[in-house]
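Since the structure is predicted, the reported quantities are computational estimates derived from the model, not experimental observations.
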Amino acid sequence: MNRPRTPVLTCSIVGAVVVALDGTVLTVAQPALQRDLHADVGQVQWTSTGYLVAVASLLVFAGRLGDRYGHRRVFALGALGFAAASAGIALAPGIGAVILLRVLQGVCGAFLQPATLGMLRTAYPPERLATPIAVRTAAIGLAAAAGPLVGGALVSAYGWRSVFLLGVPPTLAIGLIALTTREPHPAPLPTPGTPQLPQRAERRTDRAPGGLASLDPVGALLLAAALALLVHGLVEATRPGGAVTAALACLAGGAAGAAFARHERRTARPLLAPELLGSVPVVAGLAVLLAASAALFGSLFVATYFLQDTQRLDPLDCALRVLPLAVLMVLGAPLCPALKRRFGPRRTATAGAALLTLGVLLLSRLDATAGAGAVGCASALLGAGFVTLMVTATSVVVHHAPEAHAGVAGGLQQTVMNIGPALGVATATLLLALVPQGGFVPARGIALPALAAIAALAVPAALALPGTGDREGAPPGGRPGRRRGKRPEAEAESEPGTRRGPTSPGPEEQACVRS
């Protein structure tokens, strides 16, 4: 494989880091933004909600555009748009302009994020995907840890507008890099019922005909409406008095989701291809990520209020108490590919789910007198478990998705990583309200035990991942690898009647990739 990988990896890492950093520094900047623009709390909350709704609703469709027109083109569009929107927010005259530009920034973020994984899938052979994904995950963890510190320093020294200028140079640079780097034509989107081309031939085939219809715009619109309403409902559930609005939004989202499912069954070229959703590893990996992200972010929400409201720690001391989480994410990510190769995705992810569940359970036992050691130990378990699940499940999803649908797979992964945290925080908020006399003391409430149960749901999902017999060296739809000491001709002779090629994998190999 002679594709230039360094620009791809650079763009993928920097793009993911900028998005992660943007979310963390905004939280620190919001109070200053509110004072400077004379806004109310509801308007300031929409600077986050508007972005989240926009990005979550468009991720899958943006991935489809990458599959159709090339991931680097879509990535460049998203990165340059993100830079322009960030600069616009820094110059915005009022809160209305900030909200509008944050929505635009969310749209550009939706174009950028799936392409960070889609580019890796098309640039790296399947057996080498885990390492770049691990490096990307470590960088995200480092950005999440540094975000509050960087944001606090910038706001204190230069004001809230400076945190938006922070992302302009890197996104502008990676957008230009993506524009000037050559990319092979993406594989055509396969038509249901037609045989798959060999993987090498796919990369040389011209784009599939069909124009706008091949993108399934109706399905994209229905899915965007369903996801936007669902995310909006989850966000509203965390606000005082927002229960009715949240319920109505979730019901409407469910109706849109049902209409989307009905449409996908009838259309000739669905947005979510059957060979993607029919892949057990892909679905199991997405389920692992949903449960893990919901449990982690819900637990951090409870822990933050416990440390700041009950123990009266300032934000810096609070960040230091949970710093082991970020440290374990950064240091643990490079180890995950080796663990995955040694023990297989199933055992590695199951161990990660156990560590994550144990960390949430340990947090749930903290009382008002809990010290830094107990909080740090629980945070370390959370970080070790989550990074193991993140790297393992993401590499399985990207690896087992057909290259022609790498962008959609990346969009689904990013969608789950946006919905999971919103689901976890909404669950924690509702359960904290059920035990008001317990305040935010974990040992006196029910929020963290419930989140531990959600984390435990990652265990059965992890058990559905491939085992040691189907490691990353096996390309999707291909064979896990040649047995040592046996020539290909001998293998073919030992299994008469079975064609050995990318277009016709053996039945035992199909079962571990697609259902």
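- The pair D22-R102 meets the salt-bridge criterion, with a side-chain N (NZ, NE, NH1 or NH2) lying under 4.0 Å from an Asp/Glu carboxylate O.
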May I have the step-by-step check of side-chain contact (heavy atoms from CB on, under 4.5 Å) for R64 and V408, ending in yes or no? CA-CA 5 Å; R64 180 63 172 261; V408 173; 3.9 Å; yes
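- Evaluation of the side-chain hydrogen bond (donor to acceptor under 3.5 Å, both in side chains) rule for T394 yields Q413 as partners, not counting sequence neighbours.
- In this structure the side chain of L120 never reaches within 4.5 angstrom of the side chain of T116, judged on heavy atoms.
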Could you walk me through whether E236 and V244 pass the side-chain contact (heavy atoms from CB on, under 4.5 Å) check? CA-CA 9 Å; E236 283 295 315; V244 175; over 6 Å; no
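- Distance check, rounded to the nearest 0.5 Å: CG of D67 to CZ of R121 gives 10.5 Å.
- With rounding to the nearest 0.5 angstrom, the CD1 atom of I89 is 9.5 Å from the CG atom of L100.
- Here the side chains of V396 and P466 are in contact, with some heavy-atom distance below 4.5 Å.
- Without hydrogens or angle criteria, Q414 side chain to G411 main chain gives no donor-acceptor distance under 3.5 Å.
- The CG atom of L355 sits 10.0 Å away from atom CG of L382, with the distance rounded to the nearest 0.5 Å.
- When each of L362, L363, L432, L431 is tested with L448 by the rule side-chain contact (heavy atoms from CB on, under 4.5 Å), just one qualifies, namely L363.
- Remark: the backbone N or O of L389 is not paired with any side-chain donor or acceptor of T392 at under 3.5 angstrom.
- Rounding to the nearest 0.5 Å gives a distance of 9.5 Å between OG1 of T47 and CH2 of W160.
- A54 and V107 make their closest contact through CB-N, 4.0 Å (heavy atoms, listed as atom of the first residue, atom of the second, distance).
- At distances below 3.5 Å, at least one donor-acceptor pair connects side-chain atoms of E264 with backbone N or O atoms of L272.
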Take V8 and R72 through the side-chain contact (heavy atoms from CB on, under 4.5 Å) test and state the conclusion after the steps. CA-CA 8 Å; V8 171; R72 294 187 200 180; 2.9 Å; yes
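- Remark: Y51 OH to I99 CD1 distance equals 16.0 Å, nearest 0.5 Å.
- Counting only N and O atoms by type, the side chains of T49 and R239 include a donor and acceptor under 3.5 Å apart.
- Here the NE2 atom belonging to H405 is positioned 10.0 Å from the CG atom belonging to L277, to the nearest 0.5 angstrom.
- Taking the ring pair (Phe, Tyr, Trp, His ring centres under 6.0 Å) definition, one finds that F297 meets it with nothing, sequence neighbours left out.
- Remark: the backbone N or O of H263 is not paired with any side-chain donor or acceptor of T267 at under 3.5 angstrom.
- The backbone N or O of A228 sits nowhere less than 3.5 Å from a side-chain atom of S57 that would complete a donor-acceptor pair.
- The backbone N or O of L290 sits less than 3.5 Å from a side-chain atom of S293, completing a donor-acceptor pair.
- What you find for V163 and A29 is that their closest heavy atoms are CG2-CB, 3.8 Å.
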Should F260 and L271 be marked as a side-chain contact (heavy atoms from CB on, under 4.5 Å) after you check the CA-CA gap, both sets of side-chain angles, and the distance that decides it? CA-CA 10 Å; F260 170 73; L271 180 66; 4.3 Å; yes
